[in-house]
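Reviewing the structure listed below.
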Amino acid sequence: MPRTKAKGLPPAWDRLYAIGAPQAGYITLAQAVAAGYSSPLVEYHVNSGRLERVGRGIFRLVHFPPTDNEDLVIRWLWSGQQGTFSHETALSLHGLSDALPSKMHMAVPQAWRKRRLRIPQGVMLHFADVAKEEVTWIGPVPLTKPLRTVADVMAHGNPELAGQAVSQAVKKGLFTRRELRDAVARRKAIGESHR
(Lines give C-alpha, C1' and ligand atoms only; values in the text may rest on other atoms or scores of the structure.)
Protein backbone atom coordinates (compact mmCIF):
# COMPACT_ATOMS: atom_id res chain seq x y z
CA MET A 1 0.00 0.00 0.00
CA PRO A 2 1.34 3.47 -0.81
CA ARG A 3 2.59 5.31 2.23
CA THR A 4 1.91 8.65 0.62
CA LYS A 5 -0.84 10.78 2.06
CA ALA A 6 -2.32 14.13 1.23
CA LYS A 7 -0.98 17.13 3.11
CA GLY A 8 -2.65 17.71 6.45
CA LEU A 9 -4.60 14.90 8.07
CA PRO A 10 -3.44 11.28 8.05
CA PRO A 11 -5.82 9.01 6.13
CA ALA A 12 -8.67 7.57 8.18
CA TRP A 13 -11.35 5.29 6.72
CA ASP A 14 -13.90 6.51 9.30
CA ARG A 15 -13.41 10.09 8.12
CA LEU A 16 -13.86 9.04 4.49
CA TYR A 17 -17.00 7.09 5.43
CA ALA A 18 -18.36 10.11 7.34
CA ILE A 19 -18.01 12.23 4.18
CA GLY A 20 -19.62 9.59 1.96
CA ALA A 21 -22.49 8.57 4.26
CA PRO A 22 -24.69 11.63 3.65
CA GLN A 23 -23.90 11.36 -0.08
CA ALA A 24 -25.24 7.80 -0.49
CA GLY A 25 -21.71 6.39 -0.17
CA TYR A 26 -20.14 8.55 -2.87
CA ILE A 27 -17.12 10.82 -2.55
CA THR A 28 -15.08 13.02 -4.82
CA LEU A 29 -11.32 12.91 -5.15
CA ALA A 30 -11.17 16.39 -3.59
CA GLN A 31 -13.13 15.12 -0.58
CA ALA A 32 -10.81 12.12 -0.25
CA VAL A 33 -7.78 14.43 -0.34
CA ALA A 34 -9.39 16.59 2.36
CA ALA A 35 -9.81 13.39 4.43
CA GLY A 36 -6.06 12.68 4.15
CA TYR A 37 -5.99 10.41 1.07
CA SER A 38 -3.57 11.15 -1.76
CA SER A 39 -4.48 10.30 -5.35
CA PRO A 40 -2.19 7.22 -5.31
CA LEU A 41 -3.80 6.05 -2.06
CA VAL A 42 -7.28 6.47 -3.57
CA GLU A 43 -6.10 4.51 -6.62
CA TYR A 44 -4.75 1.79 -4.32
CA HIS A 45 -8.19 1.46 -2.69
CA VAL A 46 -9.83 1.32 -6.12
CA ASN A 47 -7.48 -1.52 -7.14
CA SER A 48 -8.00 -3.33 -3.83
CA GLY A 49 -11.79 -3.17 -4.22
CA ARG A 50 -12.65 -0.86 -1.31
CA LEU A 51 -13.56 2.01 -3.65
CA GLU A 52 -15.22 1.89 -7.06
CA ARG A 53 -14.59 4.57 -9.68
CA VAL A 54 -17.98 5.71 -11.03
CA GLY A 55 -16.94 8.84 -12.91
CA ARG A 56 -14.09 11.23 -13.36
CA GLY A 57 -12.95 12.04 -9.83
CA ILE A 58 -16.02 10.34 -8.27
CA PHE A 59 -15.87 7.13 -6.24
CA ARG A 60 -18.24 4.87 -4.33
CA LEU A 61 -17.51 3.22 -1.01
CA VAL A 62 -18.09 -0.37 -2.09
CA HIS A 63 -19.56 -1.64 1.17
CA PHE A 64 -22.02 1.25 1.56
CA PRO A 65 -25.60 -0.01 1.18
CA PRO A 66 -27.35 0.99 -2.05
CA THR A 67 -29.90 3.82 -1.87
CA ASP A 68 -32.52 5.40 -4.11
CA ASN A 69 -31.49 7.97 -6.68
CA GLU A 70 -27.77 7.12 -6.63
CA ASP A 71 -27.49 8.25 -10.26
CA LEU A 72 -28.57 11.72 -9.14
CA VAL A 73 -25.91 11.80 -6.42
CA ILE A 74 -23.20 11.05 -8.99
CA ARG A 75 -24.38 13.89 -11.25
CA TRP A 76 -24.67 16.29 -8.31
CA LEU A 77 -21.09 15.52 -7.28
CA TRP A 78 -20.05 16.01 -10.91
CA SER A 79 -21.45 19.55 -10.63
CA GLY A 80 -19.18 20.23 -7.67
CA GLN A 81 -22.32 20.23 -5.50
CA GLN A 82 -23.44 23.43 -7.23
CA GLY A 83 -26.22 21.95 -9.36
CA THR A 84 -29.88 21.70 -8.39
CA PHE A 85 -32.18 19.15 -10.01
CA SER A 86 -34.96 20.97 -11.79
CA HIS A 87 -37.60 20.91 -14.51
CA GLU A 88 -38.97 17.43 -15.36
CA THR A 89 -36.52 15.69 -13.02
CA ALA A 90 -37.78 17.72 -10.07
CA LEU A 91 -41.41 17.15 -11.17
CA SER A 92 -40.76 13.41 -11.03
CA LEU A 93 -39.04 13.61 -7.62
CA HIS A 94 -41.93 15.67 -6.22
CA GLY A 95 -44.44 13.19 -7.64
CA LEU A 96 -46.16 15.90 -9.68
CA SER A 97 -47.55 14.86 -13.09
CA ASP A 98 -46.63 11.74 -15.04
CA ALA A 99 -43.11 13.01 -15.71
CA LEU A 100 -40.67 10.29 -16.70
CA PRO A 101 -37.75 12.35 -17.97
CA SER A 102 -35.38 10.76 -20.44
CA LYS A 103 -32.64 13.10 -19.19
CA MET A 104 -31.65 14.42 -15.78
CA HIS A 105 -32.44 18.13 -15.71
CA MET A 106 -30.08 20.18 -13.57
CA ALA A 107 -29.92 23.94 -13.04
CA VAL A 108 -26.36 25.22 -12.70
CA PRO A 109 -25.23 28.80 -12.04
CA GLN A 110 -25.55 31.16 -15.02
CA ALA A 111 -21.83 31.89 -14.71
CA TRP A 112 -21.24 28.33 -15.97
CA ARG A 113 -22.57 29.33 -19.39
CA LYS A 114 -19.06 30.59 -20.25
CA ARG A 115 -17.37 27.35 -19.19
CA ARG A 116 -16.32 24.60 -21.52
CA LEU A 117 -18.06 21.63 -19.98
CA ARG A 118 -17.96 17.93 -20.64
CA ILE A 119 -21.59 17.25 -19.77
CA PRO A 120 -22.28 13.67 -18.71
CA GLN A 121 -24.46 11.65 -21.04
CA GLY A 122 -28.12 11.85 -20.12
CA VAL A 123 -27.86 15.25 -18.42
CA MET A 124 -29.61 18.42 -19.60
CA LEU A 125 -28.11 21.56 -18.06
CA HIS A 126 -30.17 24.70 -17.50
CA PHE A 127 -28.09 27.80 -16.87
CA ALA A 128 -30.14 29.56 -14.22
CA ASP A 129 -29.37 30.76 -10.72
CA VAL A 130 -31.54 29.11 -8.07
CA ALA A 131 -32.05 31.01 -4.81
CA LYS A 132 -31.61 29.09 -1.55
CA GLU A 133 -35.27 29.64 -0.66
CA GLU A 134 -36.23 27.85 -3.91
CA VAL A 135 -34.33 24.66 -2.99
CA THR A 136 -35.40 21.62 -1.02
CA TRP A 137 -33.71 18.25 -0.54
CA ILE A 138 -34.73 14.67 -1.21
CA GLY A 139 -32.20 12.47 0.49
CA PRO A 140 -28.71 13.66 -0.41
CA VAL A 141 -29.64 15.76 -3.47
CA PRO A 142 -31.05 19.27 -3.88
CA LEU A 143 -33.96 20.05 -6.15
CA THR A 144 -36.13 23.02 -6.86
CA LYS A 145 -39.23 23.42 -4.70
CA PRO A 146 -42.58 22.68 -6.37
CA LEU A 147 -43.41 26.32 -7.22
CA ARG A 148 -40.05 26.95 -8.90
CA THR A 149 -40.19 23.53 -10.59
CA VAL A 150 -43.60 24.07 -12.14
CA ALA A 151 -42.73 27.64 -13.16
CA ASP A 152 -39.59 26.35 -14.91
CA VAL A 153 -41.54 23.66 -16.76
CA MET A 154 -44.24 26.14 -17.79
CA ALA A 155 -41.66 28.63 -19.05
CA HIS A 156 -39.35 26.17 -20.81
CA GLY A 157 -40.85 22.72 -20.87
CA ASN A 158 -43.75 20.47 -21.72
CA PRO A 159 -47.14 22.25 -21.44
CA GLU A 160 -49.06 18.99 -20.89
CA LEU A 161 -46.86 17.97 -17.94
CA ALA A 162 -47.03 21.50 -16.60
CA GLY A 163 -50.84 21.39 -16.68
CA GLN A 164 -50.92 18.11 -14.75
CA ALA A 165 -48.39 19.41 -12.24
CA VAL A 166 -50.31 22.64 -11.67
CA SER A 167 -53.55 20.77 -11.00
CA GLN A 168 -51.90 18.34 -8.60
CA ALA A 169 -49.83 20.95 -6.76
CA VAL A 170 -52.74 23.37 -6.29
CA LYS A 171 -54.94 20.50 -5.12
CA LYS A 172 -52.26 19.51 -2.56
CA GLY A 173 -51.99 23.15 -1.41
CA LEU A 174 -48.33 23.49 -2.43
CA PHE A 175 -48.97 26.91 -3.99
CA THR A 176 -51.78 29.04 -5.43
CA ARG A 177 -52.40 29.82 -9.08
CA ARG A 178 -51.60 33.47 -8.40
CA GLU A 179 -48.21 32.54 -6.87
CA LEU A 180 -47.56 30.43 -9.95
CA ARG A 181 -48.42 33.26 -12.38
CA ASP A 182 -45.97 35.54 -10.57
CA ALA A 183 -43.25 32.88 -10.57
CA VAL A 184 -43.69 32.14 -14.29
CA ALA A 185 -43.46 35.85 -15.10
CA ARG A 186 -40.19 36.05 -13.13
CA ARG A 187 -38.77 32.99 -14.93
CA LYS A 188 -39.61 34.40 -18.37
CA ALA A 189 -38.15 37.80 -17.48
CA ILE A 190 -34.86 36.28 -16.31
CA GLY A 191 -34.57 33.79 -19.13
CA GLU A 192 -32.23 30.82 -19.23
CA SER A 193 -30.42 28.68 -21.70
CA HIS A 194 -29.67 24.99 -21.69
CA ARG A 195 -27.39 22.35 -23.18
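FYI, side chains are in, hydrogens and waters are out, and symmetry mates aren't considered; it's all heavy atoms of this structure.
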Donor-acceptor under 3.5 Å ([X] side chain, [Y] main chain):
X: Gln31; Y: Thr28; result: yes
X: Asp129; Y: Pro109; result: no
X: Ser92; Y: Thr89; result: no
X: Glu179; Y: Thr176; result: yes
X: Arg15; Y: Ala35; result: yes

Please examine the side chains of [Y] and [X], heavy atoms only from C-beta on, and report whether any two atoms are closer than 4.5 Å.
X: Leu72; Y: Met104; result: yes
X: Asp98; Y: Gln164; result: yes
X: His94; Y: Thr136; result: yes
X: Val130; Y: Val108; result: no
X: Leu143; Y: Val135; result: no
X: Leu174; Y: Gln168; result: no
X: Ser38; Y: Val33; result: no
X: Ile27; Y: Leu51; result: yes

Indicate, with yes or no, if [Y] and [X] share a hydrophobic cluster defined by side-chain heavy-atom contacts under 4.5 Å among Ile, Leu, Val, Met, Phe, Trp and Tyr.
X: Ile19; Y: Trp13; result: yes
X: Met106; Y: Leu100; result: no
X: Val62; Y: Val42; result: no

Exercise for the section: Return yes if a side-chain donor-acceptor contact under 3.5 Å exists between Thr149 and Thr144, otherwise no. Expected result: yes
Problem - NZ or CZ of Arg53 within 45° of Phe59 ring axis and under 6.0 Å - result: no
Problem - Arg115 NZ/CZ over Trp112 ring centroid, <6.0 Å and within 45° of normal - result: yes
Fill in the blank from the handout: Between Tyr26 and the options Leu61, Thr67, Val73, the side-chain contact (heavy atoms from CB on, under 4.5 Å) test singles out Val73
Exercise for the section: Using a cut-off of 6.0 Å, state whether more than 12 heavy atoms not belonging to Asp14 lie near its atom CG. Expected result: no
Problem - Test: Arg75 and Asp71 ion pair at under 4.0 Å - result: no
Handout entry: Salt bridge present between Glu88 and Lys103 (N-O < 4.0 angstrom)
Key = no
Looking only at non-hydrogen atoms, find the nearest pair between [X] and [Y] and report the distance.
X: Val150; Y: Ala165; value: CG2-CB, 3.9 Å
X: Val184; Y: Ala151; value: CG2-CA, 3.8 Å
X: Gln110; Y: Ala128; value: CG-CA, 3.6 Å

Fill in the blank from the handout: Paired with Arg148, the side chain to side chain donor-acceptor pair (under 3.5 Å) test is passed by just one of Glu133, His87, Glu134, namely Glu134
Problem - Ring centroid separation His45 to Tyr37 under 6.0 Å - result: yes
